[in-house]
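The structure appears below as structure tokens.
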Amino acid sequence: MPEGPEIRRVADQLETAIVGQPLTEAWFAFPELKTYEPALIGEQVEAIETRGKALLTHFSNGLTLYSHNQLYGVWRIVTPETALQTTRQLRVRLATVDQAILLYSASDIELLNADTLAAHPFLNRIGPDVLSSALTGEEVKQRLLSPRFRRRQFSGLLLDQAFLAGLGNYLRAEILWLAQLLPHHRAQELNEDQLTAFSEALLSVPRHAYRMRGTMKKYHHEAAFQFEVFHRQGKKCRRCGTVVEKGTLSSRPFYWCPGCQR
């Protein structure tokens, strides 16, 4: 499943393609959304917001399209006359004179007004967006030490969207490597320096992944970067020289360095 940085990059591309232009077409596959189609013609997409792995398309008439790609959803940007050859099922099509954005295969799609958006169960359940510029390391540290999360092993905590929205499997591995921690550690076991380093890593790794637009560079250098541990089993850790290992955590592959993650 795409993680927060990938979803935000998609939102950036969609915004560039369609924001601020009157809609000439609005089409939804699901019958319960069909009644909204006429109301969107002539309206504009004002912004496309991400909250973790959910995407919110805000229209000028006050409606918001909520979508979550889950495992199979994918957005495409085409010219309005383009007909894509694909076996995927089209769920949403929004078009202007110049561009069209298409959502395929996703099943978690809703149109919301201000009240239903504010009460949305998923959006109310998730934690702060890890890419939010308003979120600080100190706030992350306080969240780690809260009664709700302080006893949780990091193996599960870093996949729980209620803790920080937008984290996922590759970010989990890279964050723990950068902070030199292991998945069985808990916040209540860490000293102040470890807590600070971990809180900073929880923000810096996802934000760096987003800034590098998927190419990823070294955290402290400009050279091209392949992940430090993710998908690097059998290769030497660039920090300590120990061979990176692979295992399974929470039914997902996990990668770590046994030399410097202790």
Side-chain angles (χ1 to χ4, degrees), residues 1-10 12 50 52-53 128-133 135-141 143-144 149 152-161 163-262:
M1 182 185 293
E3 302 179 25
E6 290 71 47
I7 298 298
R8 183 61 252 174
R9 286 198 299 272
V10 169
D12 291 345
T50 54
K53 302 175 187 180
D129 190 311
V130 73
L131 294 177
S132 170
S133 60
L135 185 62
T136 67
E138 186 58 35
E139 289 172 327
V140 172
K141 185 187 295 186
R143 198 162 180 82
L144 278 168
F149 298 121
R152 294 276 304 276
Q153 290 190 352
F154 297 150
S155 56
L157 182 64
L158 269 61
L159 298 181
D160 186 351
Q161 300 303 291
F163 171 56
L164 290 177
L167 296 180
N169 197 42
Y170 87 77
L171 290 173
R172 174 178 67 168
E174 294 295 306
I175 288 166
L176 289 173
W177 178 86
L178 186 60
Q180 300 186 55
L181 296 171
L182 285 168
H184 65 260
H185 286 140
R186 298 174 171 87
Q188 66 179 9
E189 303 167 348
L190 305 185
N191 61 39
E192 188 63 25
D193 289 343
Q194 289 174 314
L195 277 169
T196 297
F198 187 42
S199 300
E200 291 175 353
L202 281 161
L203 295 181
S204 66
V205 174
R207 291 172 180 180
H208 192 80
Y210 167 67
R211 287 195 304 270
M212 294 299 103
R213 303 186 63 81
T215 61
M216 293 290 286
K217 295 183 179 180
K218 279 184 177 289
Y219 298 110
H220 304 297
H221 305 281
E222 289 300 317
F225 171 78
Q226 292 80 41
F227 293 113
E228 296 292 356
V229 286
F230 192 73
H231 284 173
R232 292 198 71 242
Q233 69 273 21
K235 299 179 181 179
K236 290 184 178 180
C237 171
R238 297 186 182 99
R239 183 164 55 198
C240 74
T242 305
V243 173
V244 173
E245 295 187 7
K246 177 184 177 182
T248 301
L249 277 177
S250 309
S251 301
R252 300 185 189 183
F254 180 74
Y255 306 83
W256 78 99
C257 172
C260 55
Q261 289 178 259
R262 297 173 178 269

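Computed from a predicted structure; not experimentally measured. Values reported hereafter were calculated over all heavy atoms of this structure, with side chains retained and with hydrogens, waters and symmetry mates removed.
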Separation between CG of L171 and CG of L178, rounded to the nearest 0.5 Å = 11.5 Å
Over all heavy atoms of both residues, which pair between C237 and C257 is shortest? Give the atoms and the distance, please.
-> CB-SG, 3.5 Å
Can you sort out the partners of P128 under side chain to side chain contact (heavy atoms under 4.5 Å, CB included), two or more places apart, ordered by chain and number?
-> L135, R143, L164
To the nearest 0.5 Å, how far apart are CD in E139 and CG in L144?
-> 12.5 Å
With under 30° as parallel and over 60° as perpendicular, where do the rings of W256 and F254 fit, or are they tilted in between?
-> parallel
Smallest heavy-atom separation, P258 atom then T242 atom, equals CG-CG2, 3.8 Å
Under 3.5 Å donor-acceptor, E174 side chain and F230 backbone = yes
Do the side chains of L131 and T50 get nearer than 4.5 Å, heavy atoms only?
-> no
Within the distance-only criterion (no hydrogens, no angle test), does the side chain of R172 pair as donor or acceptor with the backbone N or O of L167 below 3.5 angstrom?
-> no
Name all residues meeting the side chain to side chain contact (heavy atoms under 4.5 Å, CB included) criterion together with R152; count only those two or more places apart in sequence or in a different chain, and write none if there are none.
-> F149, L157, D160
Given D12 and R8, is the side-chain contact (heavy atoms from CB on, under 4.5 Å) satisfied, shown in steps?
-> CA-CA 6 Å; D12 291 345; R8 183 61 252 174; 2.9 Å; yes
For R232 against V244, the heavy-atom pair lying closest together = O-CB, 3.4 Å
How many angstroms lie between atom CD of Q161 and atom CG of D129, to the nearest 0.5 angstrom?
-> 9.5 Å
P5 to P206 - nearest heavy-atom pair and separation = CG-O, 3.5 Å
Do F154 and F198 have their ring centres less than 6.0 Å from each other?
-> yes
Heavy-atom pair with the smallest gap, counting every atom of H231 and Q233 | C-OE1, 3.3 Å
Could you state the interatomic distance from CG (L202) to CG (L176), rounded to the nearest 0.5 Å?
-> 8.0 Å
Could you tell me whether the side chain of Q261 and the main chain of L181 form a donor-acceptor pair under 3.5 Å?
-> yes
Working to the nearest 0.5 Å, report the span between CH2 of W177 and CZ of R239.
-> 4.0 Å
Shortest non-hydrogen pair, L159 vs G168, comes out as CD2-C, 3.6 Å
Applying side chain to side chain donor-acceptor pair (under 3.5 Å) to Q153 and not counting sequence neighbours gives none
Could K141 and E192 be called an ion pair, given the rule that one side-chain N must be under 4.0 Å from one carboxylate O?
-> yes
CD of E200 to OG1 of T136, rounded to nearest 0.5 Å, is 10.5 Å
